[in-house]
Novice: 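One structure follows; several queries about it will come next.
In what follows, chains are A, B, ... by sequence order, proteins preceding strands, each numbered from 1.
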Amino acid sequence: MRSALGWVAAAVLLSAVAFFLSGYYNDVYRKLLLWIALALSYNFLFGISGQVAFSHFAFYGIGAYAVVIFLFQLGMPLPLAILAGVLVCSAIALIVAIPSTRLEGFYLALATLALAQLFIVVLNEGGAVTGGTGGLVNYRLPAIFGVYITGPWYTAVIVILVLGTYALLRHLDRSWFGRACRAVRDNPEAAAAMGVNVARTKVIAFTLTSVLAGIAGMVYAFVDNTVNPPIFGLENAFLLLFMVIIGGSGRHAGAIVGAVLLYLLPFVLSPLIGHHHALVFGALMVVVILLQPRGLIGLYDRYPRGQKAH
Amino acid sequence: MTDILEARKLTKRFGGLTAVSELSFAVREREILGLIGPNGAGKSTTFNIIAGAYRADSGEISFLREPIAGLPPHEIARRGVMRTFQHNLPFEGMSVLENVLVGAHTRFGGNLFSRKAAAEEREQHAHAERLVEFVGLGELRYASVDRLSFGQGRLLEIARALAGAPKLILFDEPAAGLTRAEAQRIATVIRGIAERGIAVLLIEHDMHFLLPLAHRVVVLNFGAKIAEGTPDEVRSHPAVLDAYLGHAAAV
Ligand SMILES: Nc1ncnc2c1ncn2[C@@H]1O[C@H](COP(=O)(O)OP(=O)(O)OP(=O)(O)O)[C@@H](O)[C@H]1O
Ligand SMILES: [Mg+2]
């Protein structure tokens with residue numbers, strides 16, 4: 001009961017912020033929230049289940065495109081379009097994960113890299129369905145029970161997405177499933193001896209987190225009210241990886257810290273060094289890996305605060 | 001007493017080398033069966049075949065009267081055969097208690113969100129705490145596993161395997177590399193496990209450790225069984241003395 005109240009309070013507070021932000025800052029805030037949602041699910045995939053995949057941002061794009069195509073090219077009602085989008089993401093995730101998780105981790109990295117590239121090609125060559133290089137524009141979120149959700153109210157939807165993602169992943173992480181994921185990451189041989197079906201655990205973690213990325217993408221589709229290929233390129237897949245590693249791989253708080261820092265850093269750096277922040281990220285990444293492999297959240301852990309379960 | 005595990009004519013070759021050859025033996029309910037033999041005798045290989053990590057070239061294994069040869073390791077664990085590793089294999093990123101909870105993996109019903117899931121989690125947590133206590137790592141339950149000594153890591157392996165509520169537990173040289181005091185501690189723990197009614201298959205090449213502990217002993221040399229019997233019978237068996245001649249220090 002108390003925890004339910006906590007979640008509601010967090011939702012109200014984080015949403016309230018949006019009502020005090022002007023249009024530009026509201027947009028920054030929304031993107032920041034979306035990056036946090038993505039970093040949280042990518043952390044579960046990469047940091048907790050230990051799978052090196054580069055498809056996470058592509059699934060964000062698949063979700064975004066899918067919901068727009070199902071709504072406006074196929075004329076589906078919103079709930080059906082969302083469901084169809086989830087099914088598409090699940091199907092693609094299973095097709096990639098089932099064969100590659102049976103092999104060495106290296107093959108998943110390759111397969112997901114290929115998927116991310118293929119996705120961009122399909123978007124560019126998709127003709128009227130995907131809108132080609134220009135993407136899809138001039139649509140808006142359909143009314144829900146006669147109401148158009150806009151402005152700060154839509155930011156509240158994004159807040160619910162982030163909190164929902166966090167609550168789900170935190171719950172899973174603390175369950176037998178989360179422990180199985182970490183066991184598979186740390187030592188697949190020992191995990192199997194403890195009764196963990198290694199391949200199945202990987203497939204479920206990959207599919208689940210990919211669907212979460214897809215759902216975040218569906219929400220994103222109505223942030224800019226346009227989806228186009230350049231957004232979903234590989235550099236953002238790597239940015240997610242940087243966020244999780246720099247923040248602290250395997251830890252929810254780490255993912256959040258990484259997402260906030262790396263998303264906001266360019267706003268600070270751009271006036272100073274223009275568009276070369278990739279260099280700064282790269283340098284930061286090297287420094288973190290060498291000095292504090294547990295990421296920035298590992299620095300915070302150094303201050304002893306009594307015994308902890310994790 | 002009935003047999004809990006029965007191996008029939010197991011053979012395993014690595015290239016030209018026959019690591020295990022036509023090996024048959026049975027583990028009875030509630031007993032500590034020692035599997036002994038000099039280095040390279042095929043003990044670990046036998047063990048890995050039972051646990052599903054290796055596939056035998058021929059032969060059969062039944063556990064609780066059901067065939068298990070060829071099943072993957074996680075299926076064999078699910079049926080109630082848990083193991084430790086000769087070289088400790090902890091989950092490095094987790095605390096001692098979490099390591100033990102992974103051992104309880106098969107004890108969860110598959111629920112994740114129900115009221116039952118929360119109750120199950122609490123129950124297994126409490127059980128894991130008791131096991132950590134039982135092996136003597138209570139003080140270290142929240143410690144990260146990289147803080148454990150080798151001997152403590154061995155105890156963790158045992159607690160983790162016990163968390164799966166095994167009917168048969170496999171130990172691969174649990175005393176190897178330990179001090180005398182640590183080995184004594186392990187021997188006490190293993191006796192305690194057998195007293196709980198869990199059958200134990202214990203691999204060892206140190207007779208001093210094994211003979212006082214085992215109820216029966218199977219002796220391997222070059223992958224084949226050369227003797228079987230009580231510790232006293234085996235101790236004086238000519239073939240065993242022969243096999244261990246070069247290892248006089250061990251006897
Ligand atoms: N994966 C493998 N590939 C090739 N040969 C192997 C493999 N595993 C074991 N062997 C060989 O099989 C034989 C039996 O090895 P095994 O590890 O079963 O012996 P052991 O009785 O456990 O010995 P130790 O007391 O040294 O642990 C040895 O000659 C070993 O070199
Ligand atoms: Mg061995």
Novice: Pick one of side chain, backbone, both or neither for A:Leu168, based on which atoms fall under 4.5 Å of a heavy atom in chain B.
Specialist: side chain
Novice: Pair B:Phe14, B:Tyr54 - check ring pair (Phe, Tyr, Trp, His ring centres under 6.0 Å), show working.
Specialist: CA-CA 11 Å; B:Phe14 293 112; B:Tyr54 292 169; 5.7 Å; yes
Novice: Picking from B:Arg141, B:Glu157, B:Glu75, B:Glu121, which has the most non-hydrogen pairs under 4.5 angstrom with chain A?
Specialist: B:Glu121
Novice: Relative to chain A, which segment of B:Pro72 carries a heavy atom at a distance below 4.5 Å: side chain, backbone, both, or neither?
Specialist: neither
Novice: Can you see whether B:Arg83 engages B:Asn48 through a side-chain donor-acceptor pair at a distance of less than 3.5 angstrom?
Specialist: yes
Novice: Taking every heavy-atom pair that is under 4.5 Å apart, which of B:Leu97, B:Val102, B:Thr106 has the most such pairs with chain A?
Specialist: B:Val102
Novice: Flag the one option from A:Ala191, A:Ala180, A:Ser175, A:Ala183 with the top tally of heavy-atom pairs under 4.5 Å to chain B.
Specialist: A:Ala183
Novice: Is it the case that the side chains of A:Gln51 and A:Thr101 hold a donor-acceptor pair, with the cut-off being a distance below 3.5 Å and no angle test?
Specialist: no
Novice: Are side-chain N/O atoms of B:Thr11 and B:Asp57 paired as donor and acceptor at under 3.5 Å?
Specialist: no
Novice: Counting heavy-atom pairs closer than 4.5 Å to chain A, which one of B:Thr84, B:Leu89, B:Asn99 comes out on top?
Specialist: B:Leu89
Novice: Once rounded to the nearest 0.5 Å, what's the spacing between atom OG of B:Ser149 and atom CG of B:Leu155?
Specialist: 8.0 Å
Novice: When A:Phe54 is tested against each of A:Leu113, A:Leu240, A:Leu108 for side-chain contact (heavy atoms from CB on, under 4.5 Å), which residue passes?
Specialist: A:Leu113
Novice: Under 4.5 Å heavy-atom distance to chain A, tell me which part of B:Leu101 shows up: side chain, backbone, both or neither.
Specialist: both
Novice: What residue, out of B:Arg79, B:Arg107, B:Met94, has the most heavy-atom pairs lying under 4.5 Å from chain A?
Specialist: B:Met94
Novice: Do the side-chain N and O atoms of A:His56 and A:Ser41 include a donor-acceptor pair separated by under 3.5 angstrom?
Specialist: yes
Novice: Using heavy-atom distances under 4.5 Å, tell me whether B:Arg160 contacts chain A through its side chain, its backbone, both, or neither.
Specialist: both
Novice: Does any heavy atom of chain A fall under 4.5 Å from the side chain of B:Asn88, the backbone, both, or neither of them?
Specialist: neither
